[in-house]
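To start, the structure itself, in structure tokens.
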Amino acid sequence: KSRSGCEALKVVARCRPMSRKEEAAGYERVLELDVKLGQVSIRNPRAVPGELPKTFTFDAVYDASSKQADLYDETVRPLIDCVLQGFNGTIFAYGQTGTGKTYTMQGAWTEPEKRGIIPMSFEHIFTHISRSQNQQYLVRASYLEIYQEEIRDLLAKDQSKKLELKENPETGVYIKDLSSFVTKNVKEIEHVMNLGSQTRSVGSTNMNEHSSRSHAIFLITIECSETGPDGEEHIRVGKLNLVDLAGSERQSKMGTHGERPKEASKINLSLSALGNVISALVDGKSTHIPYRDSKLTRLLQDSLGGNAKTIMVATLGPASHSYDESLSTLRFANRAKNIKNKPRVNEDPKDTLLREFQEEIVRLKAQLEKRGMLGKKRRRSSRRKKMVDGEGTTENEGDDDNEDGLEKNMENYLKEQKERLEEEKAAIQDDHNLVSEEKQKLLQEKEKMIEDLRKEQEATELLATKFKAMESKLLIGGRTIVDHTNEQQKMLELKRQEIAEQKRREREMQQEMLLRDEETMELRETYTSLQQEVEIKTKKLKKLYAKLQAVKAEIQDQHDEYIRVRQDLEEAQNEQTRELKLKYLIIENFIPPEEKNKIMNRLYFDGEEDQWKFQPLVPTGGSQMKKRPTSAVGYKRPISQYARVAMAMGSHPRYR
Ligand code: ADP
Ligand code: MG
């Protein structure tokens, strides 16, 4: 943390235990974790003689014996506390498939020991709220997935619908029509989580493959209103993104050879864009950060170099067969360490749901009061109603309303009224002075009044139910939400947090000492003898030489990696060109030129959705015409006929 309010991305690494399969296959262990120091060392199983293990330092590391609660208390809890104060927070799990991303984020939520970050944060959030004082909270959750650059709302009824990203100049990027559920307690939000997880697995034939290629984001929004020192009410909003990323392994390895590659399955656009954004952010020279290149990076722009607090959990496998992927994960995480964010509290943003709820509650309350249905006021006004025989206008005294009495009052009032009407009806019936015709008319009138009363009763009941439901969603510590932990549990919790804090501080100190050691090496200049000077300088030289070798090896590795990626891209390009030639061949030989021209004249490119589209054959009105920004005619970028036709055929190679 620095004075300017900048804060580095927090990066931790976690290594899962050897799996039974790996043990059975007799794989060596290539990872060593130094938990106290926060370091991971990785040893190349194909090392040439003299090749040293590579060491990476992170904010914390978690070895195979680490508990879910360790990671939560030490690393995640402080972030969630900040979100509760109105900061935005993001937690990413990044790593190869099968290394524990889902285990870390979600875990087995039914087993308390194995609950991951998401379910643990539920407990944390609602416990915090239940212990709060003089604050009102509103908590809601959304769950979405990005798969092949399409956003799917995991909580929506209609799963075929693809959601769009929109940008608001004031509030930033958001997802249009994303559903969110207001949740009042842990159980409700767990239900939302399970609902989404089910949808996620139902929609895919092979869950493992699906989850290795898609990004899942669980989004919790916490709004809190509180009277500030200025006597005014202020609302703070904290948004929490919990992200289970797609597997970081290079997809090309997974496809069977000879098989024609499915489109877009080779490169996970969002994942490579994430890497590019991180590189651009940390290289210090880039003026352009390519957030717009993918859905994921657009959505999480705030979390990378923006105003959020962000944690990355890099997950690793310990065995030798995942050496390449583990090393690449460690490098990725190591780069991410250098990202600087500028977190700040979101105070009094526009359009909070909490404000909307408060206003709606006030409105409903006023309506109920008008109907004379609220607490003491009702009794008073109903009494007055009787006396003056007119509409009881409600005077606004602002005293506390007795909610529990609400229904009873309403019941009593309506019973009174109904009885009165029935009595009057009976009186008319018994009145022998009235002519039968007149009697009939009066009776009908009374009938109608009773009917009206019944209708009013229904409407009021509906209103009261709505009022109660809305009010119950605003969480107030000790009132609408109660803390059930006992003193002993609270003490235990506190102790656990203290210990976590202690560990964190110790590690920070150790890391700092290590750094200082390296720095001060050059400063010790006084030597008692020539012999000593030679010794010390030789030692120093050796250390520096080792460092130089490490850097050289790193450069070589990076270079090799670069060549590999380049070859991959060239290969992908060749495949796409081949595909294009095939489509072109078909078009040239089987589609009459005039048809082809018709099609091409109707095409336009929708930049927002990154898709080629057809103009409607018949313009559907003026507004439609205006909305079309780039018609085929107005399209500025010249593209070859070749490419255009291929695009019309449904393949969308990215020509940029
Ligand atoms: P990913 O989501 O990265 O593909 P998973 O979370 O599905 O990986 O983990 C793969 C397997 O390893 C699962 O069976 C999971 O239970 C197990 N696993 C992962 N991390 C741990 C851990 N820290 N402790 C124990 N088991 C783990
Ligand atoms: Mg997973």
Side-chain angles (χ1 to χ4, degrees), residues 11-25 27 29 31-33 35 40 58 60-76 91-120 143-147 152 154 193-194 196-218 241-251 253-254 268 270-271 274 296 311-319 321-322 324-330 332-333:
V11 181
V12 304
R14 186 181 202 185
C15 177
R16 70 156 162 75
M18 278 266 192
S19 70
R20 239 177 259 144
K21 244 188 183 163
E22 286 167 340
E23 254 162 16
Y27 284 119
R29 187 179 299 276
L31 284 181
E32 290 296 334
L33 275 70
V35 176
V40 185
F58 297 108
V61 300
Y62 298 91
D63 61 14
S65 67
S66 68
K67 302 268 177 300
Q68 297 277 44
D70 296 337
L71 184 119
Y72 194 87
D73 284 332
E74 257 182 60
T75 300
V76 180
I91 304 172
F92 290 105
Y94 179 95
Q96 187 187 1
T97 299
T99 51
K101 292 184 298 296
T102 306
Y103 183 84
T104 298
M105 294 311 291
Q106 191 142 357
W109 76 278
T110 45
E111 289 172 66
E113 284 282 297
K114 291 190 182 170
R115 286 170 166 232
I117 290 171
I118 297 175
M120 283 229 243
Y143 205 173
L144 65 110
E145 181 182 77
I146 302 174
Y147 184 60
R152 200 154 73 104
L154 295 172
M193 176 185 80
N194 289 329
S197 302
Q198 268 168 26
T199 314
R200 201 174 175 216
S201 54
V202 163
S204 54
T205 43
N206 180 348
M207 184 54 196
N208 210 22
E209 180 168 316
H210 180 80
S211 80
S212 77
R213 291 175 181 204
S214 65
H215 313 278
I217 306 180
F218 193 86
N241 293 295
L242 300 160
V243 190
D244 188 348
L245 289 171
S248 60
E249 62 275 4
R250 294 192 314 142
Q251 299 283 354
K253 268 192 202 158
M254 293 179 57
N268 188 312
S270 274
L271 208 59
L274 178 67
L296 181 77
I311 296 173
M312 178 177 291
V313 183
T315 58
L316 304 158
H321 68 103
S322 36
D324 288 334
E325 291 301 340
S326 294
L327 183 59
S328 129
T329 298
L330 286 165
F332 188 92

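Quick caveat: nothing in here was measured; it's all calculated off a predicted structure. Whatever order the structure lists ligands and atoms in, that order sets their numbers, starting from 1.
- Atom 24 (N) of ligand 1 has Pro17 CD, 3.4 Å as its closest protein atom, hydrogens excluded (heavy atom only).
- Shown in contact with Arg14 at under 4.0 Å from a heavy atom are these atoms of ligand 1, numbered in order with element: 23 (N).
- At least one N/O/S atom of Thr102, from backbone or side chain, sits under 2.8 Å from the Mg ion (ligand 2).
- In this structure, Thr315 does not count as a contact residue of ligand 1, since none of its heavy atoms falls inside 4.0 Å of the ligand.
- Among the candidates Asp244, Leu144, Asn268, the single residue satisfying the side chain to side chain contact (heavy atoms under 4.5 Å, CB included) test with His215 is Asn268.
- Classified by interplanar angle (parallel below 30°, tilted 30° to 60°, perpendicular above 60°), the ring pair Tyr143/Phe218 is perpendicular.
- Within the 4.5 Å cutoff, no side-chain heavy atoms of Val76 are placed close to those of Met120.
- Side-chain N or O atoms of Glu145 include none that pairs as donor or acceptor with a backbone N or O of Leu154 at under 3.5 Å.
- Each of the atoms 4 (O) of ligand 1 lies under 4.0 Å from some heavy atom of Thr97.
- Of the protein's non-hydrogen atoms, Gly98 O, 3.7 Å is the one closest to atom 10 (C) of ligand 1.
- Distances from ligand 1 to the non-hydrogen atoms of Gly95 include no value under 4.0 Å.
- Proximity of atom 19 (C) of ligand 1 to the protein is indicated by at least one non-hydrogen atom lying closer than 4.0 angstrom.
- Within the 4.5 Å cutoff, side-chain heavy atoms of Ile91 are placed close to those of Met105.
- Among protein heavy atoms, atom 12 (O) of ligand 1 sits closest to Arg16 CD, 3.9 Å.
- In summary, the atoms of ligand 1 found under 4.0 Å from a heavy atom of Lys101, numbered by their order in the structure, are 1 (P), 2 (O), 3 (O), 4 (O), 6 (O), 8 (O).
- Judged purely by distance below 3.5 Å, without hydrogens or angles, the side chains of Thr97 and Glu249 pair a donor atom with an acceptor atom.
- Looking only at heavy atoms of the protein, atom 8 (O) of ligand 1 is closest to Gly100 N, 3.0 Å.
- Heavy atoms from other residues, nucleotides or ligands lying under 6.0 Å from CD of Glu32 number 12 at most.
- Shortest contact from atom 7 (O) of ligand 1 to any protein heavy atom: Thr102 CB, 4.2 Å.
- Close N/O approach between Asp244 and ligand 1 is not found [any backbone or side-chain N/O within under 3.5 Å].
- No donor-acceptor distance shorter than 3.5 angstrom exists from the side chain of Asp324 to the backbone of Leu327, with no hydrogens or angles considered.
- Between Leu274 and Leu245 there is a side-chain heavy-atom pair separated by less than 4.5 Å.
- Each of the atoms 3 (O) of ligand 1 lies under 4.0 Å from some heavy atom of Gln96.
- Under the 4.0 angstrom criterion for non-hydrogen atoms, Gln106 is not in contact with ligand 1.
- If you take OG1 on Thr315 and OH on Tyr62, they are separated by 14.0 Å, rounding to the nearest 0.5 Å.
- Protein heavy atom nearest atom 15 (C) of ligand 1, with residue, atom name and distance: Tyr103 CD1, 4.0 Å.
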